[in-house]
Enquirer: 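Let me begin by handing over the structure; questions about it come next.
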Amino acid sequence: MPESGGSRAQREHIPNPGTGPGAETPPTLPAQVIRAAGADTVSGAAGAVGAAEAAGAAGMTAKATQTARRTGFLVTMVLGGLTALPPLSMDMYLPALPAVTDSLSAPAATIQLTLTACLAGMALGQLVVGPMSDRWGRRKPLLLGMVVYVVATAICALAPTAELLIGFRLLQGLAGAAGIVIARAVVRDLYDGVEMARFFSTLMLISGVAPIIAPLIGGQVMRFTDWRGIFVVLTGVGVLLTLVVWKWLHETLPPGSRHTGGVTDALRTMRGLLADRVFTGYMITGGLAFAVLFAYISASPFVVQEIYGASPQTFSLLFGLNSIGLIAVGQINGKLLVGRFRLDKVLGFGLAVIVLAALALLLMTLGVFGEVGLVPIAAGLFVLMSAMGVAMPNTNAQALMRTKHAAGSASALLGTSSFLIGAIASPLVGIAGEDTAVPMAVVQVVCAVAAVGCFLGLCRPWQRAGREAAGL
């Protein structure tokens, strides 16, 4: 039983985690086929498992193997689309902000609230949808969320006033949160241990492309129509994803594994999760790493263009290269590192690189090395962003390993904490005005060092390693 500060009643809502990736066995291929195919009846699942066990892994047919691979590819694409939808909803809209201000005759500060409302909706919506998916399964809450997302986005395209647009952007964020939180929960349903970490790295490849291409798509849409056309395109994307989910993403949480309680039970489950010191450690570590990323996103346009004199085209190129670095390292993490090294070792290495890159950026912005140009700053940002490809998927995987029977609630806590910590950190990057990049680097250093502190102080990876070595 892992150490936990919760009571027995609280711990009953947290499944016993394994002793680590090395001690956990990923689901066998036939079991993945059964789960991905949506076997809803206990008898059907038991029959399929019994047949698979009788045949043995060595006697698996080529047809079963092909089915598993095809199902895995479809699930990957569907979950990738769901996790990419929120960044598309946020970033496609950015090029249209000046046009929205003129069209609705509203102050720029008011139109900025349309971004804040969507972000707040995504953060809070996860707390609602996550427990819902633990009680009613993954499929129904996800389909409901997608339908509400489509309706809210369509109304955004027709909004006659800024106030109405803000309100339905909030609803759009609340509904869009279903895709984020349930995608992580589905991964937890289907995979375990090393396989789960690898799958998160694959999802990062798909969802990581969205922030790169979203502003480009928004800009191209604006060439042919006005800002309302962006919401029309997002409505079409929502309809397409809803149909894909309905047809290809089957239920992954069997009825016997669902929670039957109401709001009180959901709150008790979350309280029990937060009482698990190790889960909370990974959650806060991931949130602080996400805050480093938010600080970069908030400050880099100003730092790169205004302070270091880069053109918008150069900034776009550097932003794209940094995103490619994050995606590439995420794939290295999934393909080469995970499975060869303990996840805690890989995570610790990634956090160490983030701290070193943030410290280098702070020293450069403080002028310790003299006056530096854009190239050293860009190199530091590239290393920092690339290391996120190791830190982010592994914190999610390690946290979710401890919460098999409360994956929806756990996913909600992970997502909400990341959004909230990032939202708190990002405004601080401009606290010292427009003439210095020091605040960005300070925020990144503080958050990165705090992430390492939480990882060491709460997760205590050396204790887990010791128990694994002792076979406990």
Side-chain angles (χ1 to χ4, degrees), residues 2 17-18 20-21 24 83 123 126 130 180-181 183-185 187-188 191-205 207-208 273-274 276-296 326-327 329-334 337-338 341-355 358 384-404 406-407 409-422 425 444 447-462 464-465:
E24 295 175 342
T83 54
Q126 295 184 62
I180 307 173
V181 68
R184 280 195 298 263
V187 173
R188 183 63 187 93
Y191 300 97
D192 204 352
V194 168
E195 292 300 317
M196 180 165 55
R198 286 177 175 156
F199 198 93
F200 275 125
S201 294
T202 302
L203 279 187
M204 182 170 289
L205 171 64
S207 61
L273 290 169
L274 293 174
D276 180 358
R277 168 179 50 78
V278 179
F279 170 83
T280 302
Y282 285 120
M283 180 188 74
I284 299 176
T285 299
L288 289 167
F290 199 65
V292 177
L293 176 64
F294 260 53
Y296 159 78
L326 186 151
I327 295 169
V329 172
Q331 295 314 292
I332 294 173
N333 174 70
L337 300 180
V338 171
F341 305 95
R342 292 183 64 253
L343 290 185
D344 278 332
K345 284 187 176 181
V346 179
L347 175 57
F349 174 77
L351 292 174
V353 173
I354 291 172
V355 170
L384 183 145
M385 284 293 294
S386 297
M388 292 290 175
V390 171
M392 294 173 64
N394 290 335
T395 51
N396 283 334
Q398 289 282 63
L400 288 173
M401 277 183 206
R402 306 181 64 82
T403 58
K404 184 173 183 179
S409 297
S411 178
L413 290 172
L414 290 172
T416 300
S417 64
S418 294
F419 274 99
L420 291 180
I421 295 174
Q444 290 174 332
C447 291
V449 171
V452 172
C454 287
F455 176 58
L456 296 177
L458 295 178
C459 302
R460 300 176 188 175
W462 63 88
R464 292 161 56 87

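All residue numbers refer to positions in the sequence shown, counting from 1.
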Enquirer: Nearest 0.5 angstrom please: C459 SG to Q398 CD, how far?
Expert: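 The SG atom of C459 sits 8.0 Å away from the CD atom of Q398.
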
Enquirer: Working to the nearest 0.5 Å, report the span between CG of L347 and OG1 of T285.
Expert: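 Here the interatomic distance stands at 7.0 Å.
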
Enquirer: Of all the heavy-atom pairs spanning L420 and A123, show the shortest one and how long it is.
Expert: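 In terms of heavy atoms, the two residues are closest at CD2-CB, 4.4 Å.
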
Enquirer: For the residue pair S411 and V181, what are the closest heavy atoms and their distance?
Expert: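 Nearest heavy atoms, S411 then V181: OG-O, 2.8 Å.
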
Enquirer: Are side-chain N/O atoms of D276 and Y282 paired as donor and acceptor at under 3.5 Å?
Expert: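 No.
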
Enquirer: Rounded to the nearest 0.5 Å, how far does CE of M388 lie from CD1 of I327?
Expert: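 Answer rounded to 0.5 Å: 14.5 Å.
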
Enquirer: So, the side chain of T395 versus the backbone of M392: is there a donor-acceptor pair under 3.5 Å, distance only?
Expert: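 The answer is yes, because a donor-acceptor pair under 3.5 Å joins these two groups.
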
Enquirer: Does the side-chain contact (heavy atoms from CB on, under 4.5 Å) test come out yes or no for L343 and M401, once each step is laid out?
Expert: CA-CA 11 Å; L343 290 185; M401 277 183 206; 3.1 Å; yes

Enquirer: Just by modelled atom types, is the L274 backbone N or O under 3.5 Å from a matching donor or acceptor in the T280 side chain?
Expert: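 Between the backbone of L274 and the side chain of T280 there is a qualifying donor-acceptor contact (under 3.5 Å).
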
Enquirer: Compare every heavy atom of I354 with every heavy atom of A387, then report the nearest pair and how far apart it is.
Expert: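 Closest approach of A387 to I354: CB-CG1, 3.5 Å.
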
Enquirer: Hey, could you give me the SG/CG distance between C447 and L293, rounded to the nearest 0.5 Å?
Expert: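 It is 11.0 Å, given to the nearest 0.5 Å.
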
Enquirer: Taking side chain as C-beta onward, heavy atoms only, is I180 less than 4.5 Å from T83?
Expert: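 A side-chain contact is absent here, since even the closest heavy-atom pair is not under 4.5 Å.
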
Enquirer: Looking at every heavy atom in both L351 and A391, which two are closest together, and how far apart are they?
Expert: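 Shortest heavy-atom contact: CD2-CB, 4.2 Å.
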
Enquirer: Which distance, rounded to the nearest 0.5 Å, do you find between the CG of N333 and the CZ of F341?
Expert: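 So the CG of N333 and the CZ of F341 are separated by 11.5 Å.
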
Enquirer: Which heavy atom in P461 sits nearest to a heavy atom in R342, and how many Å separate them?
Expert: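 Scanning both residues, the minimum pair turns out to be O-NH2, 4.0 Å.
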
Enquirer: Say you draw a straight line from CG of L273 to CZ of R402; how long is it, rounded to the nearest 0.5 Å?
Expert: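 Those atoms lie 10.5 Å apart.
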
Enquirer: Whether the side chain of S417 engages the backbone of L414 through a donor-acceptor N/O pair (distance < 3.5 Å, no angle test) should be reported.
Expert: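 Yes, because the side chain of S417 sits within donor-acceptor range (under 3.5 Å) of the backbone of L414.
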
Enquirer: If you define the side chain from C-beta out and look only at heavy atoms, does anything of V353 sit under 4.5 Å from F349?
Expert: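 Contact flag for V353/F349 side chains = yes.
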
Enquirer: Would I421 and L288 count as a side-chain contact (heavy atoms from CB on, under 4.5 Å) here? Give the steps.
Expert: CA-CA 7 Å; I421 295 174; L288 289 167; 4.0 Å; yes

Enquirer: For R184 and L400, work out which heavy atoms get closest and say how close.
Expert: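 Shortest heavy-atom contact: O-CD1, 4.0 Å.
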
